[in-house]
Every structure is written in structure tokens, then in C-alpha cells.
Amino acid sequence: MLTTRPRGTNDLLPKEIEKWHYLESILRQVAALYGYQEIRTPIFEHTELFQRGVGESTDIVEKEMYTFLDRGERSLTLRPEATASTVRAFLEHKLYAGSLPLKFYYVGPMFRYDRPQAGRYRQFHQFGVEAFGSQDPGLDAEVIAMAMDIYERLGLHDLVVELNSVGCPHCRQAHRQVLQEYLKEKVTALCVTCQGRFAKNPLRILDCKNAHCRKLVAEAPTIEQMLCEECRDHFQLVQEYLQELQVPYTLNPSLVRGLDYYTKTAFEIVAQGIGAQSSIGGGGRYDDLIEECGGPAMPGIGYAMGLERILLTLEEQGVVLPTQAKTQIFLAALGEEAQKIGAGLAQELRKAGVIVERDYLGRSLKAQLKAANRLQTAITVILGEEELAKGAAVVRKMQEGRQKVVPLPELVAYLVRENKGGDMDE
RNA sequence: GUGGUUGUGGCGAAGCGGUUAACGCACCGGAUUGUGGCUCCGGCACUCGUGGGUUCAAGUCCCAUCAGCCACCCCA
């Protein structure tokens with residue numbers, strides 16, 4: 001136990017961390033392009049925030065939260081998502097008093113007590129955006145376009161945008177009634193979970209993966225048919241904007257997001273080939289959430305994407321991400337005196353912007369050259385007693401296997417020059 | 001929460017009841033008393049996820065437990 005990580009968590013080792021750095025740099029870059037500013041909220045919040053914000057009857061709140069009492073007997077919860085926190089911060093700091101709309105983005109770990117599987121972890125990372133204060137359908141479309149923009153910049157392809165409108169409380173209520181009416185005689189034929197959903201959340205039945213349920217529900221009234229005029233217009237305009245922004249999408253009338261706060265637009269971005277957990281991003285509009293959390297009546301929209309799943313998809317699609325610069329020069333020193341001079345040289349070179357590595361184990365020349373070879377440095381500098389006696393060092397070009405003696409006073413300048421030359425070759 | 005599957009050195013992987021737990025890669029050292037990448041030689045698991053049990057004898061059989069992977073569910 002001492003040396004095993006908690007279930008569903010991951011260590012990001014140096015080998016893979018470069019991908020994360022690159023991914024995050026793209027995220028921040030695109031966020032800036034679209035005018036979103038970063039917000040960092042606590043990793044844990046009062047449990048109540050998620051109960052109210054995400055919704056009591058959601059799976060997240062019912063069975064997936066990491067909830068604990070702190071030493072002051074406060075019930076706290078590790079954030080399962082970040083929309084509630086962003087709304088909370090927005091309200092707590094009364095940011096609604098300033099100019100609107102306000103656009104935030106966040107990147108960070110989220111926690112959900114799920115059974116781990118491909119693309120699903122108990123601690124996972126999300127990037128997301130939230131825009132408060134506008135009900136413009138053009139913003140809905142832009143937010144979707146932004147998500148796609150990110151995926152495309154990363155090099156992902158063959159993604160599908162699934163779009164739906166879940167309506168507002170009015171049309172949802174109407175749809176619910178019609179749906180229950182329709183399903184009334186079929187309830188007993190549904191699967192066990194769906195029988196449970198019938199009274200509680202009949203909408204979810206439309207989303208059931210059970211083949212039998214799907215058949216029974218195929219002809220059921222969709223929310224789209226029941227949208228009120230306002231919601232219908234909004235949905236129509238979102239689609240027109242999407243066409244304008246050249247974002248292909250498919251309508252999925254059974255797309256029901258598992259968070260209670262969504263209204264009108266709901267969307268999901270799906271990738272192939274990464275297993276059953278194929279949604280790499282999703283979001284929607286939440287026009288009642290801010291008020292629900294005790295703020296002014298104000299619309300909002302946002303999405304979140306799962307960073308692990310994006311990385312999985314990148315790997316699946318064979319996309320190679322740029323990696324960090326490699327070591328340029330290895331400094332091999334032999335003996336105490338040479339080690340000291342070597343340390344000084346390394347420092348001078350680093351200050352001149354050269355990536356230098358050296359030996360810290362007092363290894364043999366052979367072992368040091370082997371290390372240099374492993375690092376694939378273009379140049380290895382050999383500082384030994386013979387060279388020191390002459391006030392010089394051996395500069396060995398690893399690829400050609402040729403080397404020459406360079407006087408110490410000229411060494412740094414020589415290496416900096418050689419290193420630049422090497423860069424130009426690449 | 002349910003089901004399937006796996007768990008042997010840093011990694012990959014043999015062994016499937018019986019003397020010292022193959023092999024490959026990686027790593028370390030040597031052949032070259034100061035020169036890498038190739039080659040050759042040598043070294044590297046009192047131990048088989050953990051805990052019980054069966055047996056004269058268990059990495060090998062049984063049970064439990066933990067963990068990985070995958071699926072359901074749900075979602076990022």
C-alpha cells in the first residue's frame with residue numbers, strides 16, 4: 001500500500017509530462033484567442049455547492065463524490081467538475097456587477113468515485129470554459145467551434161459533434177408529461193433501471209443503451225417536438241450559426257447530459273477508438289444555474305473536456321506532439337580538479353543558453369561517453385588531466401566521431417558557436 | 001455498485017505440483033589501466049501482488065483480499 005497509488009489515480013512521469021505541457025499550452029493559447037481568462041478555484045468546496053449546483057438526483061452527487069468532514073466538522077467535497085465552483089466564485093466576488101459577459105477558463109484535476117476503466121479515472125483533468133451573462137445563440141455555436149478549434153490544432157480528426165436542445169423548464173415539463181403518457185403502457189417492458197427512471201427522470205430512458213429499451217423508445221416523442229417557441233428559435237439559430245462557423249454536427253435527440261443544470265443547448269464531442277468512454281468533451285447552456293446558486297437571474301454556457309481522453313485519442317490517431325529540447329552538450333570530466341572546472345564550464349554554458357548535462361557519479365570516461373550517447377548530445381567535452389595540464393579540453397563531435405583540442409579560454413565561445421551551427425543543421 | 005480478465009526482476013515474458021525461477025530488453029562492469037553507438041564476456045528475482053488454506057512438496061491447486069485492464073452504468 002505504501003508504494004501503490006490510490007485506485008483510479010495516475011502519476012504523470014517525465015516521459016509523458018511533456019505531452020501535458022504541450023496540450024496545456026495549446027489550451028491557454030486558444031483560450032486567449034477567444035477572450036477567456038483563467039480562474040483557479042479551490043480543489044474542494046462545501047458539499048452543498050455541488051448538491052445544489054450539479055443536482056441532487058445526478059449520479060455525480062448520488063454516488064460519485066469524494067465527501068469528507070474536516071477537523072471543524074464541515075462537510076467538504078473534492079470537486080467533481082468546475083462549473084459550480086466558477087459560478088460560486090463569480091457570485092462570491094460579485095463579478096456580475098462589472099461588465100458582462102464574463103468569460104472564464106480553467107484547467108485542473110477533478111474527482112469522481114467511479115469504477116476505473118479505459119479513459120475513466122477517479123482523479124482526472126479537465127479544461128473548461130464558462131461564459132456568464134449572454135443568451136446569444138451565436139455564443140453557443142462559438143463555444144462549440146472553440147472546442148473543435150482546440151482539437152484541430154492538436155491534430156485530432158474524425159470527431160463528431162452531437163447536438164441537442166434539452167429545452168427550458170417549461171418545455172421540459174411538457175415533454176416529461178407527454179413522454180410519461182407515451183411510456184405508461186410500456187413501463188413493465190423496460191429494463192430495471194429504466195423502470196426506476198420512469199417516475200424520477202423519464203428523459204434518461206431515451207438515452208438508455210439497452211437494445212430493448214431503445215426499440216420501445218424509438219418512436220417516443222422527442223424533446224425537439226416539444227420545445228417552446230423561444231427554445232425552438234434558439235436551437236434553430238444555434239444551428240444556423242454553426243453552419244456559418246463551418247462546424248459540422250449531427251443532431252442527437254436522445255443526448256441527455258447527466259447534469260441537472262443544462263437548459264437549451266447540450267452538446268457532446270465524441271471520438272472513436274478510445275474505448276467505451278468516447279466523449280472527449282461536452283457542455284451546454286445553463287440559464288438557470290446562477291440564479292439557482294443564489295445569484296441574479298443570468299444565463300450561462302460552458303463546456304469541459306477531459307485531458308486524459310484527449311491524450312488517449314491523440315495516441316490512438318498516431319499524432320506525435322512536439323517534445324522538449326534535448327541535451328546539447330555533455331561535459332565529461334575526470335578527476336576532482338576537472339570536475340570542478342567542468343562544473344564551472346557547465347554553468348557558463350547554461351547561462352549562454354546551452355542545455356548541458358554532466359556526470360555526478362564520478363564514473364569512468366567510458367561510462368560518461370555512454371551516458372552522452374544515450375542523451376544523443378551532438379558534442380561531448382572531455383576534461384581530463386592530460387588536457388588540463390595543457391590548459392585545454394577535447395571537444396568531441398559524437399556523430400562524426402571526430403574530436404579536436406580547444407584551449408580553455410576559448411572553449412565557451414567555441415561551444416556556443418558550434419552549438420548554434422548544430423541547430424541550423426536540424 | 002455489477003460482471004469478465006490479468007497480477008513472476010526496472011520493462012516484456014516462460015514456467016501450469018517436485019532439485020539452484022528460462023529467455024529478451026534495459027541497467028552495471030569488463031574486453032580497450034582515458035573515449036560512446038556494433039560485437040563478445042560477466043553481473044543483476046533467499047522469490048513469483050498480499051493473506052490464509054490444501055499437500056510430504058505450491059509461482060504452479062483452493063479461498064479471500066488488493067490492484068491493473070476491459071465492459072455495464074455514468075460521464076470528461
Side-chain angles (χ1 to χ4, degrees), chain A residues 1-10 13 15 54 57-64 79-83 107-128 147 191-194 196-197 201 204 207-211 255-259 262 266-271 274-283 302-313 330 332-335 338 361 363-388 393-403:
Chain A
M1 285 303 264
L2 195 62
T3 54
T4 47
R5 61 190 189 273
R7 185 151 206 216
T9 63
N10 282 112
L13 303 177
K15 203 178 168 190
V54 179
S57 72
T58 59
D59 275 16
I60 291 180
V61 171
E62 275 182 348
K63 50 191 191 192
E64 295 174 5
R79 62 179 186 196
E81 56 101 59
T83 301
V107 204
M110 307 294 159
F111 306 84
R112 259 120 101 156
Y113 190 88
D114 256 10
R115 190 86 177 260
Q117 73 180 72
R120 190 167 78 187
Y121 310 98
R122 289 185 172 179
Q123 176 176 339
F124 61 102
H125 296 78
Q126 283 188 335
F127 164 83
C191 73
V192 189
T193 27
C194 281
R197 294 200 259 234
N201 197 347
R204 290 276 188 87
D207 215 14
C208 185
K209 303 279 194 301
N210 183 303
L255 176 68
V256 181
R257 310 236 76 239
L259 299 109
Y262 285 113
F267 66 94
E268 203 160 303
I269 293 150
V270 179
I274 57 168
Q277 306 302 316
S278 58
S279 167
I280 60 170
Y303 69 74
M305 41 212 238
L307 269 38
E308 283 83 357
R309 287 186 191 174
I310 289 174
L311 260 9
L312 270 175
T313 311
F330 191 93
L334 294 165
L361 298 172
R363 287 184 287 196
S364 66
L365 210 224
K366 185 190 174 106
Q368 294 193 48
L369 273 162
K370 210 170 170 181
N373 189 60
R374 241 192 311 260
L375 291 167
Q376 296 184 57
T377 62
I379 291 171
T380 298
V381 177
I382 302 169
L383 276 173
E385 284 163 20
E386 285 173 30
E387 290 76 28
L388 284 184
V394 170
V395 175
R396 181 177 178 82
K397 296 194 176 175
M398 298 299 276
Q399 283 199 342
E400 300 106 272
R402 285 204 318 254
Q403 59 190 44

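No hydrogens, no waters, no symmetry mates; every other heavy atom, side chains included, goes into these values. Each chain gets a letter, A, B and so on, in the order the sequences are listed, and its residues count up from 1.
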Give me, pair by pair, the N or O atoms of the protein and of nucleotides 38-44 of chain B that are less than 3.5 Å apart, along with how far apart they are.
none

C74(B) phosphate, OP1 or OP2, under 4.0 Å from Gln277(A) side-chain N/O: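 No, Gln277(A) has no side-chain N/O under 4.0 Å of OP1/OP2 on C74(B).
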Check the phosphate of A71(B) against Gln117(A), side-chain N and O only, distance under 4.0 Å to OP1 or OP2. Yes or no?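 Yes.
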Would you list the protein and nucleotides 24-27 of chain B atom pairs, both N or O, that sit under 3.5 Å from each other?
| residue | atom | partner | partner atom | Å |
| --- | --- | --- | --- | --- |
| C27(B) | OP1 | Arg374(A) | NH1 | 2.4 |

In whole Å, I'd like the distance from the CG atom of Leu365(A) to the P atom of G30(B).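 After rounding, the reported distance stands at 12 Å.
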Identify all pairs in which a protein N or O lies below 3.5 Å from an N or O of nucleotides 1-3 of chain B, and state each distance.
| residue | atom | partner | partner atom | Å |
| --- | --- | --- | --- | --- |
| U2(B) | O4 | Arg115(A) | NH1 | 2.2 |
| G3(B) | O6 | Arg115(A) | NH2 | 3.4 |

Between [options], which one does the side chain of [X] approach most closely?
X         : options                : value
Asp59(A)  : A71(B), C74(B), A76(B) : C74(B)
Ala367(A) : A31(B), G29(B), A67(B) : G29(B)
Glu387(A) : A71(B), A76(B), G34(B) : G34(B)

When you look at CD of Gln399(A), are more than 12 heavy atoms from neighbouring residues, nucleotides or ligands closer to it than 6.0 Å?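 Incorrect, the count does not exceed 12.
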Give the ring-plane orientation class for Tyr303(A) versus Phe127(A), where under 30° counts as parallel, over 60° as perpendicular and anything between as tilted.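 It falls in the tilted class, 30° to 60°.
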List RNA chain B stems (3 or more consecutive Watson-Crick/G-U pairs, under 3.5 Å)?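 Listed by first number, the stems are B:1-7 with B:66-72, B:10-12 with B:23-25, B:27-31 with B:39-43, B:49-53 with B:61-65.
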Looking at RNA chain B, which of residues 375-384 of chain A put a heavy atom within less than 4.0 Å of it?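 Output list: Ile382(A), Gly384(A).
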With Lys63(A) via salt bridge (Lys or Arg N to Asp or Glu O under 4.0 Å) - residues at least two apart: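 Here the qualifying residues are Asp59(A).
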Tell me if the side-chain of Gln403(A) makes a donor-acceptor pair with the base of U35(B), cut-off 3.5 Å, by modelled atom types.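 Yes, the side chain and the base share a sub-3.5 Å donor-acceptor pair.
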